[in-house]
Amino acid sequence: MKYDPLRHHLRLQTRSRVPMTFQQVESVIGVPLPASARRHRPWWANDATGHAHASAWLDAGYRTEQVDMEGEKLVFVRAPRVPELAETGRDKGMAEIGATYKPQEAVAQHPMIGALKGLLWIDPTLDLTKPALDPDEWERVLNEKYGRDDRGS
């Protein structure tokens, strides 16, 4: 088959992400890509049904992501195997849609915890427990903003 060299090339990869240009894909398969590969984003879809080119990367255990039509590049990403689907032979392309829903296991912490790590730095000499203003300054600021409060005197 025309795309067997691509399947073989991807199976030899040890990385989980394999960035390639369209030109590199052509070099691997030994022939130019069809014009539709450069014009139509769906050509790179992860649907093996009736698409020999998609079967090549899906059979090798990869999915396409980050397809840049203008830059003529993409990333092949190793797809996790779903054992229930592999046994039925329905683990190619859009077949996952028919799979039964399996909720994810609960994680100990929210995925956003640590997402901003390193973006904010606080000077270690700063005392965060110290009030920003002393009581006299607070009274002056509040009196200027809201007027004098004579209830307590």
Side-chain angles (χ1 to χ4, degrees), residues 1-133 137-138 141-142 144-146:
M1 280 177 47
K2 179 179 177 179
Y3 298 99
D4 281 345
L6 178 60
R7 177 184 295 108
H8 180 71
H9 175 77
L10 290 172
R11 282 185 177 160
L12 293 176
Q13 300 302 311
T14 57
R15 299 173 292 166
S16 61
R17 299 177 61 78
V18 182
M20 292 182 80
T21 64
F22 291 3
Q23 212 170 21
Q24 289 171 320
V25 173
E26 290 174 328
S27 176
V28 168
I29 63 175
V31 294
L33 288 167
S36 57
R38 287 186 160 79
R39 277 189 252 142
H40 304 292
R41 170 64 182 85
W43 193 90
W44 296 99
N46 296 303
D47 181 6
T49 309
H51 302 114
H53 57 280
S55 291
W57 62 72
L58 291 168
D59 288 347
Y62 282 84
R63 298 178 67 81
T64 56
E65 287 186 7
Q66 300 175 13
V67 178
D68 178 359
M69 299 301 287
E70 287 183 24
E72 294 194 346
K73 58 186 176 181
L74 74 150
V75 179
F76 290 102
V77 179
R78 191 175 305 279
R81 299 277 296 170
V82 180
E84 304 86 50
L85 294 176
E87 292 168 8
T88 64
R90 295 181 351 180
D91 63 337
K92 297 178 183 165
M94 301 297 286
E96 291 92 339
I97 293 173
T100 57
Y101 172 72
K102 275 178 113 174
Q104 291 182 337
E105 293 181 27
V107 291
Q109 70 183 43
H110 191 278
M112 286 301 294
I113 292 177
L116 301 177
K117 183 178 181 180
L119 296 178
L120 178 66
W121 181 81
I122 299 173
D123 185 350
T125 62
L126 182 65
D127 181 5
L128 296 176
T129 62
K130 179 183 173 189
L133 300 173
E137 287 178 288
W138 272 116
V141 169
L142 293 173
E144 286 175 6
K145 185 162 185 155
Y146 301 108

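Asp59 approaches Arg11 most closely through the heavy-atom pair O-NH2, 3.4 Å. Nearest heavy-atom pair, Ala52 versus Met1, reported as atom, atom and distance to 0.1 Å: CB-CE, 3.7 Å. When every heavy atom of Gln24 is checked against every heavy atom of Pro19, the shortest pair comes out as OE1-O, 4.1 Å. What you find for Asp47 and Ala54 is that their closest heavy atoms are O-CB, 3.4 Å.
Residue pairs that meet the salt bridge (charged side-chain N to carboxylate O under 4.0 Å, His left out) test with at least one member in residues 119-132, sequence neighbours left out, do not exist here. Residue pairs meeting the ring-ring contact (aromatic ring centres under 6.0 Å, His included) criterion with at least one member in residues 6-41, sequence neighbours excluded: Phe22-Trp44.
Annotation: salt bridge (Lys or Arg N to Asp or Glu O under 4.0 Å) contacts of Arg38 (sequence neighbours excluded): Glu26, Glu72. Checked against side-chain hydrogen bond (donor to acceptor under 3.5 Å, both in side chains), Glu70 has no partners two or more places apart in sequence or in another chain. Residues forming a side-chain hydrogen bond (donor to acceptor under 3.5 Å, both in side chains) with Glu137 (at least two apart in sequence, or on another chain): none. For Asp68, the salt bridge (Lys or Arg N to Asp or Glu O under 4.0 Å) test picks out no residue, with sequence neighbours left out.
Looking only at side-chain heavy atoms (C-beta outward), Arg7 and Ser55 come within less than 4.5 Å of each other. Between Ile29 and His53 there is no side-chain heavy-atom pair separated by less than 4.5 Å. Counting heavy atoms from C-beta on, the side chains of Val25 and Phe76 come closer than 4.5 Å.
The structure places CE of Met69 at 9.5 Å from CZ of Arg39, a figure rounded to the nearest 0.5 Å. Distance check: Thr64 OG1 to Trp43 CH2 gives 9.5 Å after rounding to the nearest 0.5 Å. For the atom pair Leu10 CG and Arg78 CZ, the distance stands at 9.0 Å (nearest 0.5 Å).
Counting non-hydrogen atoms of neighbouring residues, nucleotides and ligands closer than 6.0 angstrom, the CD atom of Gln23 reaches no more than 12 such neighbours.
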